[in-house]
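Treat the numbers as computed from the prediction; the structure is a model and nothing was measured.
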Amino acid sequence: MPHLIHKARAAQRRAARAASAVGPAHPLTRILLAAAAVAAAAAWETGHRVTDLHPTRRHHER
């Protein structure tokens with residue numbers, strides 16, 4: 001169910017943008033963080049791993 005991963009990533013991005021815009025303690029940010037947690041839990045329950053939600057990034061070496 002890749003759509004659950006996409007939903008979880010989108011929810012996380014929305015929460016991060018809200019935290020940047022209005023601060024982490026703002027009620028909107030807290031609601032969006034809760035929604036992101038629910039979306040991530042739904043993905044987890046269907047068998048996705050954390051690394052599916054947060055893929056590792058390759059750092060460029062000089």
Side-chain angles (χ1 to χ4, degrees):
M1 301 198 163
H3 67 281
L4 290 176
I5 290 297
H6 297 298
K7 286 183 180 184
R9 284 185 188 145
Q12 182 185 31
R13 282 192 298 271
R14 283 190 296 273
R17 282 194 302 265
S20 293
V22 296
H26 192 277
L28 175 62
T29 302
R30 296 179 71 141
I31 289 168
L32 291 174
L33 284 170
V38 169
W44 175 269
E45 289 297 321
T46 61
H48 291 286
R49 298 179 313 239
V50 172
T51 55
D52 296 335
L53 183 59
H54 300 286
T56 58
R57 293 183 180 196
R58 295 180 186 246
H59 295 284
H60 298 285
E61 295 181 16
R62 292 183 183 196

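Smallest separation of non-hydrogen atoms from A36 and A11: CA-CB, 3.6 Å. Annotation for A39 and A8: closest pair CB-CA, 3.7 Å, computed over non-hydrogen atoms. Shown here for A15 and T29, the closest heavy-atom pair between the two residues is O-CG2, 4.1 Å.
Here L32 contributes atom CG and R13 contributes atom CZ; the two are 13.0 Å apart, rounded to the nearest 0.5 Å. Once rounded to the nearest 0.5 Å, the distance linking OG1 of T46 with NE2 of H3 reads 8.0 Å. Here the CD-CZ distance, from Q12 to R17, works out to 11.0 Å after rounding to the nearest 0.5 Å.
Of the possible polar contacts, one joining the S20 side chain to the A16 backbone as a donor-acceptor pair under 3.5 Å is found.
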